[in-house]
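What follows is a set of notes on a single structure, which appears directly below.
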Amino acid sequence: MYRPDEIEPKWQKRWKEEGVYKTEEKGDKQKFYCLDMFPYPSGAGLHVGHLEGYTATDVYSRYKRAQGFNVLHPMGWDAFGLPAENFAIKKGIHPSETTQKAIDWYKSQLNMVGLSYDWSREINTSDPNYYKWTQWLFLLLFKHGLAYKKEAPVNWCPSCQTVLANEQVVKKDDKNVCERCDAEVIQKNLDQWFLKITDYADRLLSGFEDIDWPASTREGQKNWIGRQEGAKIKWKIFIGDSDKPAQSEVETFTKYPETIFGTTFLAIAPEHTLIGNIVVTGEQNSVNNYIKVSAKKTNFQRGDLLKDKTGVFTGSFALNPANGKKIPIWVADYVLPTYGTGAVFGVPAHDKRDFNFAKKYNIEIVRVIKSTNGDEGPVETEDQVIEEGQMINSDFLNGLDAQTDAKEKVKEYLEEKGFGDREVFYNLRDWLISRQRYWGAPIPVVYCPHCAHFEEAGECCGGDCGCKHEESGSETSHSCQCCNCETATQITTIDGVKYAIVPLSEESLPVELPKDVDFKPTGESPLARSKDFQKDVTCPKCGAREAVRREVDTLDTFVDSSWYFLRFCDPNNALEFASSESLKKFCPVDLYVGGDHVTTHLIFARFFTKVLYDCGFIDFDEPFTKFRFLGLILGEDNRKMSKRWGNVINPEDVVSGLGADSLRSFEMFMGPLDVTKPWSTSGVEGVRRFYNRIWELTHFASQNNSVTSSREATALMHRLIKKITFDMDELKFNTAIASMMEFVNFWQKNKEVVGVDLVKRFLVLVAPFGPHIAEELWEVLGLKFSVTKESWPKFDEALVYDEEVEIVIQINGKVRGRVMVPSDEIKDKAKVESKVLAAEKVRELIKGVEIKATFYSEGRVFNIVSA
RNA sequence: GCCGGGAUGGCGGAAUUGGCAGACGCGUUGGGCUUAGAACCCAAUGGAGCUUAAAUAACUCCGUGGGAGUUCGAUUCUCCCUUCCGGCACCA
């Protein structure tokens with residue numbers, strides 16, 4: 001009797017003892033790096049959705065090992081993060097404790113399903129041995145000018161007194177509220193750390209050429225990066241009624257420069273730096289009020305008011321460089337400070353937002369594009385607002401097609417006259433990585449007032465050397481070639497005091513996360529309250545101790561997970577994040593399977609990889625050669641699994657009831673990996689029946705081992721090997737299992753023609769999916785441990801076909817019969833044709849009919865076409 | 001609004017990429033085994049029609065969201081439409 005509850009733990013123990021899944025450090029086997037997205041170990045445990053991905057990579061790893069590859073298949077823990085900290089706040093248990101508990105549980109669950117990880121390479125992002133290198137990477141980015149500090153709006157819960165991640169802000173009754181206390185979230189400006197991922201926008205776009213990623217993921221990232229070609233146009237400003245242009249100009253970005261003759265106003269964001277210079281005295285109050293009101297709106301609310309555009313006139317005018325017309329300058333909060341230049345020129349006739357704005361404030365509307373339906377009258381309703389057609393009322397652009405020739409010509413014109421330039425803008429923003437939270441890696445910098453003082457006093461060169469001093473907001477960056485400053489020194493202001501931002505030395509890493517911290521939220525970063533943390537802080541640059549402070553923010557967990565795949569190559573290295581030999585040996589990742597984190601993890605990991613490539617640490621610049629994402633697994637009721645619906649499937653229950661092999665195989669049998677599909681308990685039972693049959697049939701074969709396999713059975717086996725090998729390479733595990741089931745159905749009906757020689761090969765095919773039963777039956781056949789070390793069976797093309805092949809006969813495309821043809825004749829059309837024409841039924845049907853043509857698809861179909 | 005991906009029996013899905021539509025599994029129905037049930041085994045299972053006393057078998061037509069097209073032949077390719085799912089979005 002097949003008893004998975006007995007054989008599964010037995011073999012799991014043996015595999016562990018014998019270390020069968022250890023990645024080889026030496027040897028000349030070709031490598032294969034097969035990786036899962038490592039989980040965040042939470043109190044909820046693993047569910048069957050996690051296991052779908054883990055099983056898929058496990059099946060593939062086993063397949064690759066059988067093909068003779070040295071497979072790196074590791075697992076670890078994305079262990080820092082908010083849920084553990086929130087739980088700690090609620091229950092008073094330290095996050096390290098809850099996290100360790102969760103890890104132990106996850107690990108036992110993974111082992112329970114027989115996943116073939118090399119546990120000697122286990123990593124944990126909250127371990128100082130790991131985050132030492134996360135901090136090291138931060139310093140590397142800092143040194144290359146890719147990490148900087150700047151003021152930015154964050155989500156703030158006034159009741160919990162804390163910063164919230166975007167995921168913790170939920171919508172309730174049209175308000176953005178804190179998920180824990182329902183208080184309305186506000187936006188607050190705080191000094192934040194950013195990584196300059198925008199520097200890599202073009203590289204992140206072009207990198208897709210040589211990697212095998214799903215189209216949706218690729219397109220999603222391209223969209224997110226949002227490269228847009230357009231033009232930057234400069235506008236002269238006239239303050240109030242003055243007819244002399246002011247010194248400063250305003251710049252606008254547009255993708256539609258061809259509409260410039262239709263411009264009737266100019267709008268700038270309330271945050272625009274020019275506002276101070278251009279608002280006339282009479283409008284001062286209304287503008288100030290407007291700025292105050294829109295400052296209260298979150299970005300979210302600003303985007304919500306789709307139709308209701310508001311704004312206020314500044315009293316000043318801009319000069320349209322194309323036609324010399326003066327147009328009013330308005331302040332409007334539908335213009336976003338974060339996109340383009342924070343200023344737009346308004347063309348109400350050809351932009352819906354501008355149209356709504358112009359309607360509201362009675363601004364002139366000038367049509368410059370004739371609709372493709374011939375409409376060239378005044379634009380009076382929103383649906384008349386179009387972008388495509390022929391240019392009119394536009395001087396030298398008249399008659400040209402708006403989106404092609406006119407666009408090109410006006411760009412040439414602007415460049416030639418010096419009115420503007422071609423310009424590319426991106427939607428991608430720099431990545432905000434600092435968190436005012438406890439459970440994360442500390443950011444390894446200190447703030448030194450003495451260094452800031454040297455800097456201010458011009459200790460190096462006094463700014464006489466002609467090197468660049470840039471000021472923006474609270475920070476000053478100073479890059480100097482004459483005083484041996486290695487890097488630009490950023491200056492920041494904390495509580496009114498100026499500090500230089502000084503990175504720690506590599507030798508001083510890791511900056512350990514103190515354990516004795518009161519992490520109850522009060523509004524400041526919890527680390528600020530640790531006495532240990534601020535003790536004996538020395539500035540690594542000037543050696544000062546007095547008044548030097550540590551950074552108290554921690555790194556976003558996405559930083560931890562942006563490079564973990566590199567650490568798996570050399571997880572215990574204390575001198576480097578990984579040795580270059582180990583990186584060369586295993587990287588890049590050959591197959592990566594997990595959630596479709598298009599705009600977060602997957603783009604951050606690509607960014608880090610490119611930076612490390614540029615710095616010469618690795619010799620590849622795309623981390624994941626092949627990526628596949630997983631579809632959601634729904635409950636049996638077709639709803640998302642949730643405690644609320646009571647439809648959650650617990651893997652432990654499935655394993656104890658039907659066995660790990662049935663669970664694994666069913667997850668692979670359900671359908672393609674990337675589609676959303678519902679769970680089915682009777683479906684798992686079906687797979688269990690399949691294994692029961694294999695169990696009984698193998699025992700039968702073992703007791704009747706004098707049986708010689710028939711030609712038909714042998715052909716079936718070779719066909720099966722061919723089919724499964726093909727499916728494995730394509731990750732089509734559902735059809736691989738289906739074809740094994742077909743073979744078993746044949747075997748069941750023809751027990752006496754399937755010999756042990758075929759059963760042996762069959763078990764090797766089964767092993768990736770049902771490793772425990774395959775191992776047990778391997779032993780039943782009296783074979784040497786272990787089936788996991790067997791080579792993948794080969795098929796002989798000559799044996800794939802049976803002695804005879806059935807050809808379908810069609811007349812005018814309709815199936816009218818079939819004929820058997822010896823397999824060595826199927827390539828010969830003439831021979832097949834004579835057999836087809838000789839068939840009795842065909843003779844009857846084509847009697848007296850003229851045959852116009854015949855078509856033959858080798859080994860499949862013969863089509864006779866009559867007149 | 002933009003981008004991406006879908007739509008095939010009662011259900012999950014298959015179709016070697018232009019060649020027998022519905023593999024495989026679930027479910028359902030009938031039968032066997034059994035005192036009975038569970039388990040197991042066997043068989044049937046897209047729809048309509050025709051034939052027949054009835055059943056079996058055979059045969060014919062329709063059928064892959066809808067409509068056109070290309071082709072000897074279309075679930076597969078092209079165009080238009082409907083609809084669902086996912087992502088992004090006052091993005092100038």
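Computed from a predicted structure; not experimentally measured. Heavy atoms only: backbone and side chains are in, while hydrogens, waters and symmetry mates are out. Letters A, B, ... are given to chains in the order of the sequence lines, protein chains preceding strands, and every chain is numbered from 1.
- Across all strands shown, Lys232(A) has no heavy atoms under 4.0 Å from either base or sugar-phosphate atoms.
- rC33(B) sits 35 Å from rG49(B) when the P atoms are compared, rounded to a whole Å.
- Protein atom CH2 of Trp224(A) is 15 Å distant from nucleotide atom P of rC91(B), rounded to whole Å.
- Applying the 5.5 angstrom centroid cut-off and the 30 degree plane-angle cut-off, the aromatic ring of Phe855(A) is stacked upon the base of rC72(B).
- The residue Lys814(A) sits close only to the backbone: its heavy atoms come under 4.0 Å of sugar-phosphate atoms, none of a base.
- Ion pairing between Lys234(A) and Glu251(A) fails under the 4.0 Å rule for side-chain N and carboxylate O.
- Checking the phosphate oxygens (OP1, OP2) of rC3(B), no side-chain nitrogen or oxygen of Arg227(A) falls inside 4.0 Å.
- Distance, Trp213(A) CH2 to rC3(B) P: 22 Å, rounded to whole Å.
- For Phe762(A) and Phe743(A), the distance between ring centers is under 6.0 angstrom.
- Of the candidates rC91(B), rG27(B), rC20(B), rC91(B) carries the atom nearest the Gln228(A) side chain, counting heavy atoms from C-beta on.
- Contact of Asn223(A) with rC3(B) (side chain to base): no donor-acceptor pair of N or O atoms is detected under 3.5 Å.
- Screening Phe357(A), Tyr361(A), Phe345(A) for a ring-ring contact (aromatic ring centres under 6.0 Å, His included) involving Phe265(A) leaves a single residue, Phe357(A).
- In this structure, Leu602(A) atom CG and rG86(B) atom P are separated by 19 Å, rounded to whole Å.
- A salt bridge links Asp308(A) to Lys360(A): at least one charged side-chain nitrogen sits closer than 4.0 Å to a carboxylate oxygen.
- Residue Thr599(A) is classed as having no contact, given no heavy-atom separation below 4.0 Å to the nucleic acid.
- The CG-P distance, from Leu716(A) to rC24(B), rounds to 13 Å in whole Å.
- Arg719(A) comes within 4.0 angstrom of nothing in the nucleic acid, heavy atoms only.
- Atom CZ in Arg693(A) sits about 8 Å away from atom C1' in rC41(B), given to the nearest Å.
- Nucleic acid contact for Gly686(A): sugar-phosphate only, since backbone atoms but no base atoms lie under 4.0 Å from a heavy atom of the residue.
- Within the shown strands, rG19(B) is the pairing partner of rC72(B) under the Watson-Crick or G-U definition, both distances less than 3.5 Å.
- At a threshold of 4.0 Å, the pair Glu229(A)-Arg227(A) counts as salt-bridged, since one of the basic side-chain nitrogens sits closer than that to a carboxylate oxygen.
- Across all strands shown, Asp596(A) has no heavy atoms under 4.0 Å from either base or sugar-phosphate atoms.
- Contacts of Asn692(A) with the nucleic acid, taken as non-hydrogen atoms under 4.0 Å apart, are absent.
- With both pairing distances under 3.5 Å, rC26(B) is matched to rG10(B) as a Watson-Crick or G-U wobble pair.
- A cation-pi arrangement is absent between Lys829(A) and Tyr856(A), since the terminal nitrogen or guanidinium carbon is not both under 6.0 Å from the aromatic centre and inside a 45° cone about the axis.
- For the pair Phe862(A) CZ and rG19(B) P, the interatomic distance rounds to 18 Å; values are reported in whole Å.
- At whole-Å resolution of the value, CZ in Arg218(A) and C1' in rG4(B) are 11 Å apart.
- Of the candidates rC90(B), rU16(B), rA92(B), rC90(B) carries the atom nearest the Lys309(A) side chain, counting heavy atoms from C-beta on.
- Atom OH in Tyr334(A) sits about 21 Å away from atom P in rG1(B), given to the nearest Å.
- For the P atoms, the distance linking rU16(B) with rA7(B) amounts to 14 Å, nearest Å.
- Pro672(A) comes within contact range of the sugar-phosphate backbone alone, with a heavy-atom separation under 4.0 Å but no base atom that close.
- When heavy atoms are screened at a 4.0 angstrom cut-off, Glu806(A) is found touching base atoms of the nucleic acid.
- Backbone-only contact: Thr254(A) has heavy atoms under 4.0 Å from sugar-phosphate atoms and none from a base.
- Across the P atoms, rU45(B) and rA23(B) are found 10 Å apart, a figure rounded to whole Å.
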